[in-house]
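Data first, discussion second: the structure below is written as structure tokens.
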There are 2 protein chains.
Amino acid sequence: MNSQDVILGMLMKQSRSGYEIKQVLEELFAYFYQSSYGTIYPTLGKMEKEQLITKENVLQEGKPNKNVYTITERGREQFNVYMNSPVENDSYKSDFLMRLFFGEYVGYDKVISWLKQAREQLQRNIERLSETFAQERERLHPAKIICIQMGLKGYQANLETIEEGLALMEQLEQGKRD
Amino acid sequence: MNSQDVILGMLMKQSRSGYEIKQVLEELFAYFYQSSYGTIYPTLGKMEKEQLITKENVLQEGKPNKNVYTITERGREQFNVYMNSPVENDSYKSDFLMRLFFGEYVGYDKVISWLKQAREQLQRNIERLSETFAQERERLHPAKIICIQMGLKGYQANLETIEEGLALMEQLEQGKRD
DNA sequence: CGTGTCATGTAAGGAGTTACATGATTTG
DNA sequence: CAAATCATGTAACTCCTTACATGACACG
């Protein structure tokens with residue numbers, strides 16, 4: 001899976017500009033894929049050259065023009081190749097867990113501050129993800145529902161573990177003061 | 001967080017060779033950090049030049065020699081700088097979830113095969129991670145226990161969601177055949 | 001005698017991030 | 001009038017991955 005595969009998938013149903021692709025990526029894919037303009041725009045250019053997509057300049061009122069990209073037949077074939085290729089291993093990189101792993105080298109207060117920070121972030125993520133899908137829930141393809149459930153249940157499990165950990169750490173921090 | 005920070009942390013308590021570092025990384029860090037020799041050896045070289053670590057060639061019987069690295073005072077300071085820097089955002093990249101998201105473009109059978117594959121992988125991961133920490137559990141620093149709990153509970157939540165999703169998909173697959 | 005483990009490294013390449021650069025329009 | 005939003009792009013850089021290269025010994 002690379003940025004090209006992702007973009008092809010996003011253009012399967014509707015044509016979009018690079019800016020719009022970024023927005024959707026941030027709204028719906030945030031919990032399992034991240035990207036930046038520095039990747040999206042060059043990739044779109046490359047894909048146009050390879051005739052996987054076509055560009056159309058669209059004039060807008062009150063807004064700058066935009067380049068709207070449409071997937072070609074060749075692009076659809078390419079997307080199909082991706083969808084039938086072996087699934088790559090997940091890659092999870094967490095600075096937060098690294099800190100916890102090395103938590104013995106700092107004070108309890110530091111660990112507690114990391115946990116609180118992670119808790120707040122998770123609460124925001126859960127709120128955002130549930131809201132995004134609350135309305136359209138019933139109309140979605142079952143595989144997409146599973147995908148969203150993976151995100152939500154995963155977040156919730158993490159939140160619970162952090163909540164428990166925080167309770168433990170605060171207890172220890174109290175005990176230390178006596 | 002980069003490979004240098006991780007290596008410094010791993011040398012805080014004991015000196016190790018590049019090969020040993022890789023082994024520990026695979027055994028204990030697999031669920032939140034991955035690395036390769038292509039990163040480890042050049043990083044060790046760089047760190048030695050910067051006097052964050054020192055190298056010692058150790059002769060072994062029946063095995064090739066190894067280069068054992070020891071953290072210096074300067075290295076400890078550097079590690080401290082890392083531990084007091086702002087925590088970076090997690091980065092999770094999942095080809096598996098991407099496939100599910102685009103599941104509407106393939107048949108139910110394909111989705112089911114992805115889910116089964118993910119289930120098997122998760123079962124293996126859970127088994128490995130629980131075994132690794134089953135024995136030494138009580139002696140660990142609380143922060144490290146939370147770190148491991150994050151891994152285990154996260155895996156378990158994912159497994160449950162996949163199990164539910166698989167049941168749903170298999171039901172739909174049956175319904176389709178009538 | 002072949003496969004696996006121990007052990008260290010290099011070189012080329014890929015993929016993506018960050019920062020920079022620009023500019024119009026809208027909203028408060 | 002300032003800040004946010006819409007919109008596109010480039011260039012330098014960092015970091016890591018993959019593949020290659022080597023070699024001794026152990027185990028079955």
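This one's a predicted model, so the numbers in the text were calculated from it and none came from an experiment. Below, chains carry the letters A, B, ... as their sequence lines are ordered, and counting in each starts from 1.
Proximity of B/Gln60 to the phosphate of C/dC6: no side-chain N or O atom is located under 4.0 Å from OP1 or OP2. Using a 4.0 Å cut-off, no side-chain N or O of A/Gln34 falls inside it from OP1 or OP2 of C/dT17. For A/Tyr37 and D/dG9, the shortest distance from a side-chain N or O to OP1 or OP2 is not below 4.0 Å. Distances shorter than 4.0 Å separate some side-chain N or O of B/Tyr41 from OP1 or OP2 on C/dT8. For C/dC6, the OP1/OP2 oxygens have a side-chain nitrogen or oxygen of B/Gln23 closer than 4.0 Å.
Checked by atom type and distance alone, the side chain of B/Asn80 never pairs as donor or acceptor with a backbone atom of B/Arg76 at under 3.5 Å. At least one donor-acceptor pair closer than 3.5 Å links the side chain of A/Glu20 to the backbone N or O of A/Ser17.
Checked against C/dC6, C/dG16, D/dT8, the side chain of A/Tyr19 finds its nearest nucleotide in D/dT8. When distances run from any side-chain atom of B/Lys63 to the nucleotides C/dT17, D/dT10, C/dA7, the shortest one goes to C/dA7. Here the nucleotide nearest the side chain of A/Asn67, chosen from D/dT8, C/dG16, C/dA7, is D/dT8. For B/Pro42, the side-chain atoms get nearest to C/dT10 when compared with the rest of C/dG9, C/dT10, D/dT5. Closest contact between the side chain of B/Asn2 and the listed nucleotides D/dC6, C/dG16, D/dC15 involves D/dC15. Of the candidate nucleotides D/dA7, C/dT18, C/dT5, C/dT18 has the atom nearest to the side chain of A/Ser36. The B/Thr39 side chain lies nearest to D/dT17 when the options are C/dA7, D/dT17, D/dC6. The side chain of B/Tyr69 lies closest to C/dG9, out of D/dT10, C/dG9, C/dT10.
One atom, CD1 of A/Ile40, and another, P of D/dA7, lie 14 Å apart when rounded to the nearest Å. Note: OH (A/Tyr92) to C1' (D/dC16) measures 19 Å, nearest angstrom. Going from atom CD of A/Glu88 over to atom C1' of C/dG14 covers 13 Å, rounded to whole Å. Here C/dG16 presents its C1' atom at 12 Å from NZ of A/Lys46, a figure rounded to the nearest Å. Separating the CG atom of A/Leu25 from the P atom of C/dG16 is a distance of 11 Å, rounded to the nearest angstrom. In this structure, NZ of A/Lys22 is placed 12 Å from P of D/dT8, rounded to the nearest angstrom. Between A/Asn89 atom CG and D/dT18 atom P there is a gap of 10 Å when expressed in whole angstrom units. Whole-Å rounding puts the B/Ile7 CD1 to C/dT8 P distance at 12 Å.
Looking at B/Glu56 and B/Lys66, no side-chain N of the basic residue comes within less than 4.0 Å of a carboxylate O on the acidic one, giving no salt bridge.
Defining each end axis of the helix from C/dC1-D/dG28 to C/dG28-D/dC1 as the rotation carrying four pairs' C1' atoms onto the next four, with five pairs an end, the two axes are found to diverge by 50° to 10 degrees.
Distance check: B/His141 NE2 to B/Ile146 CD1 gives 9.0 Å after rounding to the nearest 0.5 Å.
In this structure, the side chains of B/Arg99 and A/Ser85 come closer than 4.5 Å at one or more pairs of heavy atoms. Taking 4.5 Å as the limit, every side-chain heavy atom of B/Ile7 sits out of range of all side-chain heavy atoms of B/Phe79. Side chains of B/Val6 and B/Leu25 form a contact here, defined as non-hydrogen atoms less than 4.5 Å apart.
Side-chain contact of B/Tyr92 with A/Asp90: a donor-acceptor pair under 3.5 Å is present, judged by distance alone.
Summary of the strand contacts: A/Gly38 and B/Tyr33 both lie near DNA chain D, and taking for each the nucleotide with the nearest heavy atom, the more 5' one is attributed to A/Gly38.
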